[in-house]
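First the structure, in the form of structure tokens, and then the observations on it.
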Protein chains: 2
Amino acid sequence: MPQSVDASNSHRTMQVVNHVRSLIENGTLQPGDKIPPEREFARTLKISRASLRTGIGYLAAMGVMKIRHGVGTFVADGPPDFGKASLSLMGALHGFQSWQMFEARIILESSLAALAAERGKEEHHTAMAEEVAEMFATLGTPVDYLIHDVLFHRVIAQASGNPILAAVMETVTSSMYDKRRKTVERATDLRESAEMHREIYRAIRARKPAEARQLMEKHLRMAQKAQGAERPADRKAAPIVVKSKRA
Amino acid sequence: MPQSVDASNSHRTMQVVNHVRSLIENGTLQPGDKIPPEREFARTLKISRASLRTGIGYLAAMGVMKIRHGVGTFVADGPPDFGKASLSLMGALHGFQSWQMFEARIILESSLAALAAERGKEEHHTAMAEEVAEMFATLGTPVDYLIHDVLFHRVIAQASGNPILAAVMETVTSSMYDKRRKTVERATDLRESAEMHREIYRAIRARKPAEARQLMEKHLRMAQKAQGAERPADRKAAPIVVKSKRA
DNA sequence: AGTCTTTCGGAGGTCAGACCACCGCCAGTA
DNA sequence: TACTGGCGGTGGTCTGACCTCCGAAAGACT
């Protein structure tokens, strides 16, 4: 596949996207930078403002740009962020199952935990410890507990030193957030959960990858069970379709 | 979807996105379906055609819709497909390293191989065998070889029975395609590569998850080395930023 | 009759310019 | 000093006309 990008989008849109891409690649545009106002930028590229906006919109949809009404348009600066929304849409569209989400999460996060155990720095350990402490402190308020739970996992992703995997994990987990928030409400054993997080933290801090991986896996499987999202017995295979890359 | 999604997008755009989402969720819109012409759809939603287009563009950027100039706009039907373009953009933006790509790929694909060994159906085995055969048949033409290489890995992803992981893998690998194509040109040991694929196939067919995982990992590590994308010695930690979910 | 060519309608793509909505800042006021 | 109103800049939306592309029906040629 020579080209790249997708065929779906039209000429002008791609023109904008590619222009921005080159600006980023040659360092002219850095994360957090503000791009020129639409009117001006459009004049520069010699296209209408409408077309420019289409292109910018495309980039914003992919999380590369952040638009702030009345302020300006900026290059994304925070941690990489694939379209969070996309997964939930895709889920509805392709009928992703809950157990598949968990499976993906288990695979990603246990590896992430192992990597974090290998590479985590002091500051990561500190951050993790703080979140664990917060979890114990919020055992009484599930909603708050969840926040620190999520944060804890996020720190681990950071500590793994692999932003790609971290971003993927973020995408997957964020699409489960809503469901978790409901489940957490009637959770009875937050204490046990917190305990497990603490163990994971210890394994990572002690630089024991295998142990961290195993504990994380155990933790997530338990969470999966708590949410009744186990994989059902065997299922019919989906029709095997291995499309050529060509559109 | 109560929570965030992203703050980046404006009222009308989200209106369109949410409308389409509900149409998909309640089954009115199926993969492959054609949505009404822009002018008509815009009238239905009581918004301008321009705004409608912004929303549709957003969906298209995320791979949920496919737009065909002069024909119409359709709901994506093929395998799930996160914005292929996005990763390469994000890569340029956040400076993803080659070794990180490989690391992600190794983690994903070895797990995928293990799952495929557990769940692969006859048809998957058949398809894999075919691709392996094709690989041996195209040892002399690297470009063609690569095609079947990619296809082989894709079948494994299919066989894993987890479309989410498959989609993620696809996103990661597709962003490496270009580089691989160059590397393959001067490859001297395609035969060895083909041989490894054959072994992986055997392990999967024999339903030996652990073995399949290990072989896949070995295979990819070798590919990584061939491309000189190993992880350098130790690096400075990135500043730890754990943003709250709230925008 | 069968096939190639032309035409045309429908669908998306682009454009221009006016006007609306939002945010941040600064001057003026209490 | 602290509050408040207004202004300028920036993104958001609308209208409506025109362009380009694709596919199929209609017509012409063999």
Side-chain angles (χ1 to χ4, degrees), chain A residues 3 5-20 23 29 31-77 83 85 246-247, chain B residues 4-20 23 29 31-77 83 85 246-247:
Chain A
Q3 36 75 67
V5 195
D6 21 337
S8 45
N9 298 90
S10 45
H11 186 194
R12 290 285 188 279
T13 302
M14 283 328 250
Q15 183 180 329
V16 175
V17 172
N18 287 324
H19 184 77
V20 172
L23 287 182
L29 235 38
D33 283 358
K34 179 173 179 300
I35 69 174
E38 297 183 344
R39 290 156 177 96
E40 181 186 331
F41 205 3
R43 220 178 312 120
T44 303
L45 296 185
K46 298 203 171 62
I47 60 179
S48 76
R49 194 182 153 210
S51 295
L52 173 74
R53 278 175 61 68
T54 305
I56 299 297
Y58 185 98
L59 291 167
M62 296 193 306
V64 177
M65 309 265 274
K66 295 293 183 187
I67 305 176
R68 295 175 56 194
H69 188 170
V71 183
T73 302
F74 305 78
V75 177
D77 58 334
R246 314 256 161 235
Chain B
S4 50
V5 185
D6 19 339
S8 44
N9 298 89
S10 47
H11 188 197
R12 291 285 188 279
T13 302
M14 281 328 247
Q15 184 179 330
V16 175
V17 172
N18 287 324
H19 183 78
V20 172
L23 288 183
L29 235 36
D33 283 1
K34 179 176 178 299
I35 69 174
E38 296 183 344
R39 290 157 177 95
E40 181 185 332
F41 205 7
R43 221 178 312 120
T44 303
L45 296 185
K46 299 202 171 63
I47 61 178
S48 75
R49 195 183 151 212
S51 295
L52 173 74
R53 278 175 61 68
T54 305
I56 299 298
Y58 184 97
L59 291 167
M62 296 193 306
V64 176
M65 309 268 276
K66 294 292 183 188
I67 305 176
R68 296 175 55 195
H69 188 172
V71 184
T73 302
F74 306 78
V75 177
D77 58 335
R246 312 272 157 227

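Here is how names work: the chains are called A, B, and so on, in the same order as the sequence lines, proteins then strands, and each is numbered from 1.
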For [X] and [N], what is the distance between atoms [atom1] and [atom2] respectively, to the nearest whole Å?
{"X": "Tyr58(A)", "N": "dG13(C)", "atom1": "OH", "atom2": "P", "value": "13 Å"}
{"X": "Phe41(A)", "N": "dG11(D)", "atom1": "CZ", "atom2": "P", "value": "11 Å"}
{"X": "Arg43(A)", "N": "dG17(C)", "atom1": "CZ", "atom2": "P", "value": "12 Å"}
{"X": "Ile67(B)", "N": "dG13(C)", "atom1": "CD1", "atom2": "C1'", "value": "10 Å"}
{"X": "Glu38(A)", "N": "dC15(C)", "atom1": "CD", "atom2": "P", "value": "14 Å"}
{"X": "Phe74(A)", "N": "dG11(D)", "atom1": "CZ", "atom2": "C1'", "value": "11 Å"}
{"X": "Met65(B)", "N": "dG12(C)", "atom1": "CE", "atom2": "P", "value": "10 Å"}
{"X": "Lys34(A)", "N": "dG9(D)", "atom1": "NZ", "atom2": "P", "value": "12 Å"}

(message) Using a 4.0 Å cut-off on heavy atoms, which residues in residues 47-55 of chain A reach DNA chain D? List them by number, or say none.
(response)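 DNA chain D contact set from residues 47-55 of chain A: Arg49(A), Arg53(A).
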
Return the [atom1] to [atom2] distance between [X] and [Y], rounded to the nearest 0.5 Å.
{"X": "Thr44(A)", "Y": "Ile35(A)", "atom1": "OG1", "atom2": "CD1", "value": "10.5 Å"}
{"X": "Leu52(B)", "Y": "Gln15(B)", "atom1": "CG", "atom2": "CD", "value": "10.0 Å"}
{"X": "Lys46(B)", "Y": "Arg43(B)", "atom1": "NZ", "atom2": "CZ", "value": "11.0 Å"}
{"X": "Thr73(B)", "Y": "Lys34(B)", "atom1": "OG1", "atom2": "NZ", "value": "7.5 Å"}

Nucleotide N/O of nucleotides 19-21 of chain D paired with protein N/O under 3.5 Å:
unit_1  : atom_1 : unit_2   : atom_2 : d
dT20(D) : O2     : His69(B) : NE2    : 2.9

Which heavy atom of [X] sits nearest a heavy atom of [Y], and at what distance?
{"X": "Ala76(B)", "Y": "Gly63(B)", "value": "CB-O, 3.3 Å"}
{"X": "Gly32(B)", "Y": "Phe74(B)", "value": "O-CD2, 3.8 Å"}
{"X": "Val75(B)", "Y": "Pro31(B)", "value": "CG1-CA, 3.8 Å"}

Just to verify, what does [X] make a side-chain contact (heavy atoms from CB on, under 4.5 Å) with, not counting sequence neighbours?
{"X": "Arg49(A)", "answer": "Glu38(A), Arg39(A), Ala42(A), Arg53(A)"}
{"X": "His19(A)", "answer": "Leu23(A), Phe41(A), Leu45(A)"}
{"X": "Thr54(A)", "answer": "Thr13(A)"}

(request) Can you figure out which of dG12(C), dT14(C), dG11(D) approaches the side chain of Arg12(A) most closely? (result)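 Looking only at heavy atoms from C-beta outward on Arg12(A), the closest nucleotide is dT14(C).
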
(message) Given dT10(D), dG23(D), dG12(C), identify the nucleotide with an atom nearest to the side chain of Arg68(B).
(response)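 So the side chain of Arg68(B) is nearest to dG23(D).
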
(request) With sequence neighbours left out, write down each residue that passes side-chain hydrogen bond (donor to acceptor under 3.5 Å, both in side chains) with Ser48(A), or none if nothing qualifies. (result)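 Ser51(A).
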
(message) Let me test you: for the helix from dA1(C)-dT30(D) to dA30(C)-dT1(D), what is the angle between the axes at its two ends (five pairs each), rounded to 10 degrees?
(response)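 End-to-end axis angle: 0°.
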
